[in-house]
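Quick caveat: nothing in here was measured; it's all calculated off a predicted structure. What you see below is based on every heavy atom in this structure, not just the backbone, and it leaves out hydrogens, waters and symmetry mates.
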Amino acid sequence: MVGVAGHPEAANLAYLGLYALQHRGQESAGIVSREGSATRVHRGMGLVADVFDEGALASLRGRHAIGHVRYSTSGESSLRDAQPFLAASSDSQIAVAHNGNLTNAQAIRTELESYGSIFQSSMDSEVFVHLLARARGRLEQRISDALSRVRGAYSLVFLVDDVLIAARDPHGFRPLSLGRLGNAWIVASETCAFDLIGAEYERDVEPGEVVLIRRGRARSIQPVPRVAEHFCVFEHIYFARPDSLVYGRNVYLVRKRMGRELAKAQPVEADMVVPVLDSGAASALGYAEAAGLPYETGLIRNHYVQRTFIEPEQSIRHFGVRVKHNPIRELVEGKRLVVVEDSIVRGTTLTKLVTVLRNAGAREIHVRVASPPTTGACYYGIDTPSKEELIAAAQSVDEIRDALGADSLSYLSLEALRRVEASMKHGFCDACFSGDYIIPIDQIEEAESQLGLFDPSGE
Ligand code: AMP
């Protein structure tokens with residue numbers, strides 16, 4: 001998610017920002033721009049580079065733009081769900097891009113539909129534009145009214161006529177950062193987007209904060225009361241790019257620290273440490289340094305295969321794992337390997353990798369995971385499957401080791417993860433590992449049913 005306010009090449013910068021943020025979603029991409037009183041949009045399915053060509057970018061004129069890349073955590077995967085969403089109220093054009101997952105979108109949508117709102121998509125995120133379109137008063141008031149209705153995780157950028165608005169939910173589940181490029185303001189999910197366009201990171205949008213950027217000036221309001229921080233720890237573990245600062249910390253260094261903790265708690269006699277690329281690389285390096293073992297890329301990653309998980313179909317996922325990693329036989333043959341992975345979800349990736357490494361002649365395979373067992377689904381914007389599909393939800397570590405076919409298996413303990421969290425001096429959400437969900441269980445149930453809620457086939 002990216003926003004640009006007050007730059008003659010706003011759409012181009014938004015495009016580059018989305019390019020840097022491609023890892024956050026590969027299903028669809030879109031940009032909305034604003035020039036005078038004209039709001040323009042271009043959205044499409046697929047990668048940023050496929051969705052936009054020079055003609056499309058040239059048509060997105062204006063000094064303000066917002067953009068989005070999507071992977072679905074709710075709703076379906078189709079063009080009508082591509083963001084940003086657009087709506088017109090009686091006196092303004094509203095566009096929104098949302099990162100996160102709402103927990104009460106179903107109730108709000110039902111209510112809005114009873115008042116005559118017509119939804120265009122299957123997405124929870126669309127409620128924002130309708131709430132804003134219906135709200136009355138000054139823009140600050142309308143934003144406050146809209147945000148006070150929604151629960152759950154949201155980092156948002158709005159373009160309401162020529163005002164750019166960045167907002168983060170009061171828990172701060174998902175990251176959102178503010179930057180400057182000369183006199184222009186840039187908003188992005190991760191700071192790697194600033195690096196690509198030469199913008200300076202200024203600060204994070206605070207939990208519960210709304211920043212309104214109007215005629216080059218930023219004004220901050222706090223419409224919803226601040227509550228305890230619940231920053232998503234999985235951004236550090238897997239989701240964010242290692243070169244980003246997330247919650248003020250460099251992701252690569254946090255991952256290395258997790259790997260060091262893992263090596264201290266779960267040592268093993270071995271010949272080399274092999275990362276599961278890309279997201280396992282930094283923690284594997286931390287493990288290798290702390291264990292005094294060589295780090296070797298014994299599994300080569302095909303970079304032209306997209307992140308497997310983001311494809312919604314299970315059959316494609318299996319295919320993705322098979323085509324993604326190939327071992328270097330000459331390196332691993334006869335060797336005792338520590339294979340370091342950032343997380344195990346269904347166990348698909350590692351089951352395949354242990355097999356391919358055995359077939360390549362590895363003598364021993366010790367799997368080390370730089371996060372605790374994933375035992376619960378995420379309702380705050382990470383695409384985790386339902387509990388039944390999580391291998392660690394029903395099986396013990398020994399059972400998982402056997403299912404993977406590994407010689408040993410250990411995870412980073414929750415205590416060790418929390419030590420790393422505590423060192424960052426923020427409050428974190430680690431519910432997918434700990435089960436400590438901060439929303440009441442009935443709301444979780446609502447969120448669960450919501451995953452299929454807006455599916456038009458069920459309407
Ligand atoms: P699995 O194969 O189901 O055990 O998934 C684990 C693999 O998927 C690991 O390589 C992770 O880096 C990656 N992964 C974990 N969570 C996600 C997610 N929410 N989206 C995409 N990939 C993920």
Side-chain angles (χ1 to χ4, degrees), residues 71-75 77 100-101 103 152-153 173-174 230 232-240 255 258 262 266 276 279-280 283 307-322 324 339-355 367-406 408-418 421 428-439 441 443-452:
Y71 89 125
S72 49
T73 54
S74 82
S77 178
N101 221 167
T103 55
F173 284 111
R174 308 252 68 86
H230 283 87
C232 169
V233 75
F234 204 64
E235 290 277 350
H236 279 150
I237 291 170
Y238 167 77
F239 206 63
R255 286 186 191 160
M258 289 170 178
L262 185 61
Q266 306 294 344
V276 179
S279 40
S283 43
R307 278 186 168 193
T308 51
F309 225 77
I310 288 165
E311 318 271 343
E313 294 293 330
Q314 174 81 19
S315 53
I316 299 175
R317 210 170 284 140
H318 283 286
F319 173 76
V321 175
R322 274 207 314 278
K324 223 160 97 171
V339 175
V340 178
E341 170 69 297
D342 60 279
S343 58
I344 300 182
V345 182
R346 294 180 175 86
T348 320
T349 308
L350 273 170
T351 307
K352 308 266 180 199
L353 292 185
V354 170
T355 308
V367 175
R368 295 292 177 270
V369 186
S371 61
T374 305
T375 49
C378 176
Y379 305 100
Y380 309 121
I382 295 287
D383 180 24
T384 326
S386 63
K387 205 171 164 74
E388 301 80 67
E389 291 175 71
L390 298 171
I391 193 167
Q395 299 193 47
S396 68
V397 174
D398 287 351
E399 286 169 334
I400 299 170
R401 178 201 59 212
D402 293 345
L404 302 180
S408 76
L409 167 68
S410 312
Y411 288 84
L412 186 71
S413 67
L414 186 59
E415 295 69 38
L417 176 67
R418 288 196 164 163
E421 289 174 10
F428 280 88
C429 174
D430 52 27
C432 52
F433 307 122
S434 64
D436 295 342
Y437 294 97
I438 50 114
I439 48 171
I441 198 76
Q443 287 183 25
I444 287 182
E445 279 162 6
E446 185 187 333
E448 242 168 4
S449 67
Q450 189 176 281
L451 294 179

Open item on the list: Check whether K387 reaches the backbone of T375 with its side chain - one donor and one acceptor, N or O, closer than 3.5 Å.
Closed with: yes
- [ ] With side chain to side chain contact (heavy atoms under 4.5 Å, CB included) as the test, would you mind laying out the steps for Q266 and L409 before giving the verdict?
- [x] CA-CA 9 Å; Q266 306 294 344; L409 167 68; over 6 Å; no
Open item on the list: Donor-acceptor pair, distance only, cut-off 3.5 Å: does the side chain of R255 make one with the backbone of H236?
Closed with: yes
Task: pair Y411-V369: side-chain heavy atoms closer than 4.5 Å - done: yes
Task: Heavy-atom side-chain contact between P385 and L390 under 4.5 Å - done: yes
Open item on the list: Quick one, L350 and V339 - any side-chain contact, counting heavy atoms below 4.5 Å?
Closed with: yes
Task: Side-chain touch E341/S371, heavy atoms, less than 4.5 angstrom - done: no
TODO: Kindly say whether V345 contributes a backbone atom to a donor-acceptor pair with the side chain of T374 at under 3.5 angstrom?
DONE: no
TODO: Kindly indicate whether the side chain of Y437, heavy atoms from C-beta on, has any atom under 4.5 Å from the side chain of T103.
DONE: no
- [ ] May I ask you to decide if S396's main-chain N or O and E399's side chain share a donor-acceptor pair within less than 3.5 Å?
- [x] yes
Task: Under 3.5 Å: donor-acceptor pair, side chain of R174, backbone of Y380 - done: yes
Open item on the list: Can you confirm whether C232 sits close enough to F239 that some side-chain heavy atom of one is under 4.5 Å from a side-chain heavy atom of the other?
Closed with: no
Task: side chain to side chain contact (heavy atoms under 4.5 Å, CB included) against E421, all qualifying residues, sequence neighbours excluded - done: V233, L417, R418, F428, D430
Task: Criterion side chain to side chain contact (heavy atoms under 4.5 Å, CB included) against L404, the qualifying member of T351, L353, T355 - done: T351
Task: Minimal non-hydrogen separation, G381 against Y71, with atom names - done: O-OH, 3.3 Å
